[in-house]
Amino acid sequence: MRLVHDEVRVQVPATSANLGPGFDSFGLAHTIHDRVRVRATTGRTEVRVFGEGAGEVPDGDDHLVVRALRGGLDHVGAPQAGFSLDCENAIPHGRGLGSSAAAVIAGLVAARGLISEPEALADDVLLQLATEFEGHPDNAAPALLGGATVAWMDGRQAHAARIEVDPRIELTVLVPTERLPTSRARAALPATVSHADAAFNAGRAGLLTLALTSRPDLLLPATADRLHQAQRADAMMASIALVRRLRSEGHPAVISGAGPTVLVLSALDGDTVAGLGPEWSVRRPAIDTDGVRPLTADTGIENSR
């Protein structure tokens, strides 16, 4: 396998995993994007980050995009090089919006764009590689495929399928100032769950598929959860309180991924938004139906040089 291109540009969306009952399975892509430009060089690897994560994430080979890029090249036996990366990040870090999955998918798709036989890194291969990086496919699947997805594991093999989302569904994303590492959120989960709670979530996950595709009027009951959100309340008390308040007012609100961002699968009126307080940033993205995609050479990475 050869490197036949020396530059590639990629755009990848933010994602919300779980969507209430679909723990480690359901996911949804948003039109909040990171953009990455990768150039192969003969020198050492350098990463310039603008926006989210600037000054916080590694600026060399330890950067997650670079690690995924090199992992993709190793998988197909392509030669390594030095790389120069410009990363323009809009996806908040540590907020449950799939920033790490976005970085992994961006790096893998960049690898696909550099090699002589891109079909060697087909989507199913990328999903598997991303899952090996992430540990689960729920964010990687919508970042790769776009829209809403259901992901599952057969042993160690990752799979995913898209759900066509009803165009009437709107999104509101409420991003708090606080961060929550995914590791801390997962550590709060119990080792076992009751049969009743598992049965409850199985039924609501099935209902969620119907609600997302054709019955958005069912989104409130379809997003109910008993397995993971309340169990992590001590790690994100303000977020859980907001989810409970919004749901009591009829809004299908859930914790986005591991939190602490709150995702609402509907629009919020001005009075509701005004009452949130200064610690919440309100975003109104659309559903990203494309997933990760290469960008043309004339698409700017605004702060790059």
Side-chain angles (χ1 to χ4, degrees), residues 1 10-30 33-34 36 38 57 62-78 91 93-115 118-163 180-187 189 201 205 208-209 227-228 255-259 288 290-294:
M1 187 72 67
V10 175
Q11 176 176 283
V12 61
T15 54
S16 289
N18 305 329
L19 307 184
F23 181 66
D24 276 4
S25 178
F26 279 72
L28 182 69
H30 311 268
H33 297 114
D34 285 354
V36 179
V38 176
V57 298
D62 288 339
H63 191 280
L64 188 52
V65 174
V66 179
R67 288 167 50 206
L69 167 61
R70 293 196 183 281
L73 295 177
D74 282 344
H75 183 77
V76 297
I91 303 173
H93 288 196
R95 304 307 208 291
L97 287 168
S99 60
S100 64
V104 169
I105 291 294
L108 292 171
V109 172
R112 180 163 67 186
L114 293 173
I115 61 177
E119 63 275 10
L121 289 174
D123 283 353
D124 59 336
V125 176
L126 294 193
L127 180 64
Q128 182 64 29
L129 293 175
T131 301
E132 292 170 6
F133 268 94
E134 285 278 285
H136 39 86
D138 50 353
N139 287 102
L144 179 64
L145 303 176
T149 56
V150 179
W152 67 98
M153 301 292 296
D154 278 333
R156 296 184 178 180
Q157 186 64 45
H159 303 272
R162 267 187 58 138
I163 300 171
L180 177 63
T182 299
S183 58
R184 182 183 168 201
R186 284 192 167 267
L189 294 175
N201 268 50
L208 181 56
T209 302
L227 293 186
H228 65 97
I255 297 296
S256 177
D288 184 309
D290 296 324
V292 66
R293 63 185 183 92

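Residue numbers count from 1 along this sequence.
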**OP:** State whether the side chain of Asn18 and the backbone N or O of Gly27 hold a donor-acceptor pair below 3.5 Å, judged by distance alone.
**Re:** no
**OP:** Provide the closest heavy-atom pair for Ala143 versus Pro13 in the form atom of the first, atom of the second, distance.
**Re:** O-CD, 3.6 Å
Subject >> Nearest heavy atoms of Trp152 and Asp154, plus distance in Å >> reply: NE1-OD2, 4.0 Å
Original post:
Are Leu129 and Leu121 side-chain neighbours, meaning at least one heavy-atom pair lies under 4.5 Å?
Top reply: yes
Original post:
How many angstroms lie between atom NE2 of His228 and atom CG of Asn201, to the nearest 0.5 angstrom?
Top reply: 6.5 Å
Original post:
Do the non-hydrogen side-chain atoms of Val38 and Val10 ever get within less than 4.5 Å of each other?
Top reply: no
**OP:** Would you sort out whether Leu69 and His63 count as a side chain to side chain contact (heavy atoms under 4.5 Å, CB included), showing the intermediate values?
**Re:** CA-CA 10 Å; Leu69 167 61; His63 191 280; over 6 Å; no
Original post:
To the nearest 0.5 Å, what is the distance between CZ (Phe26) and CG (Leu208)?
Top reply: 4.5 Å
Original post:
Any side-chain heavy atom of Val12 within less than 4.5 Å of one from Val36?
Top reply: no
**OP:** With sequence neighbours left out, write down each residue that passes side-chain hydrogen bond (donor to acceptor under 3.5 Å, both in side chains) with Asp288, or none if nothing qualifies.
**Re:** His33
Original post:
If you look at every heavy atom in Ala14 and Ile91, which pair is closest and at what distance?
Top reply: N-CD1, 3.5 Å
Subject >> CG on Leu97 to OG on Ser256, rounded to 0.5 Å >> reply: 4.5 Å
Subject >> Heavy-atom closest pair, residues Asn139 and Gly98 >> reply: ND2-CA, 3.8 Å
Original post:
Got a donor-acceptor contact below 3.5 angstrom from the Arg70 side chain to the Ala68 backbone?
Top reply: no
Original post:
What distance separates Ile105 CD1 from Leu127 CG, expressed to the nearest 0.5 Å?
Top reply: 7.0 Å
Original post:
Who passes side-chain contact (heavy atoms from CB on, under 4.5 Å) against Ala151, sequence neighbours left out?
Top reply: Pro137, Ala141, Ala160
Original post:
Rounded to the nearest 0.5 Å, how far apart are OG1 of Thr15 and CG of Leu28?
Top reply: 8.5 Å
Original post:
Is the closest side-chain heavy-atom distance between Arg112 and Asp123 below 4.5 Å?
Top reply: yes
Original post:
To the nearest 0.5 Å, what is the distance between CE (Met153) and CD (Gln128)?
Top reply: 6.0 Å
Original post:
By side-chain contact (heavy atoms from CB on, under 4.5 Å), which residues pair with Ser100, not counting sequence neighbours?
Top reply: Leu64, Glu134
Original post:
How far apart are the closest heavy atoms of Pro21 and Leu19, and which atoms are they?
Top reply: CD-O, 3.1 Å
Original post:
Hey, does Arg186 have a side-chain heavy atom less than 4.5 Å from the side chain of His136?
Top reply: yes
**OP:** Under the salt bridge (Lys or Arg N to Asp or Glu O under 4.0 Å) rule, what do Arg67 and Asp74 come out as? Steps first, then yes or no, please.
**Re:** CA-CA 10 Å; Arg67 288 167 50 206; Asp74 282 344; over 6 Å; no
**OP:** Could you pull out the closest heavy-atom pair between Leu227 and Leu189, with the gap in Å?
**Re:** O-CD2, 4.2 Å
**OP:** For a side chain to side chain contact (heavy atoms under 4.5 Å, CB included) with Leu144, tell me which candidate from Leu126, Asp124, Val104, Leu108 qualifies.
**Re:** Leu126
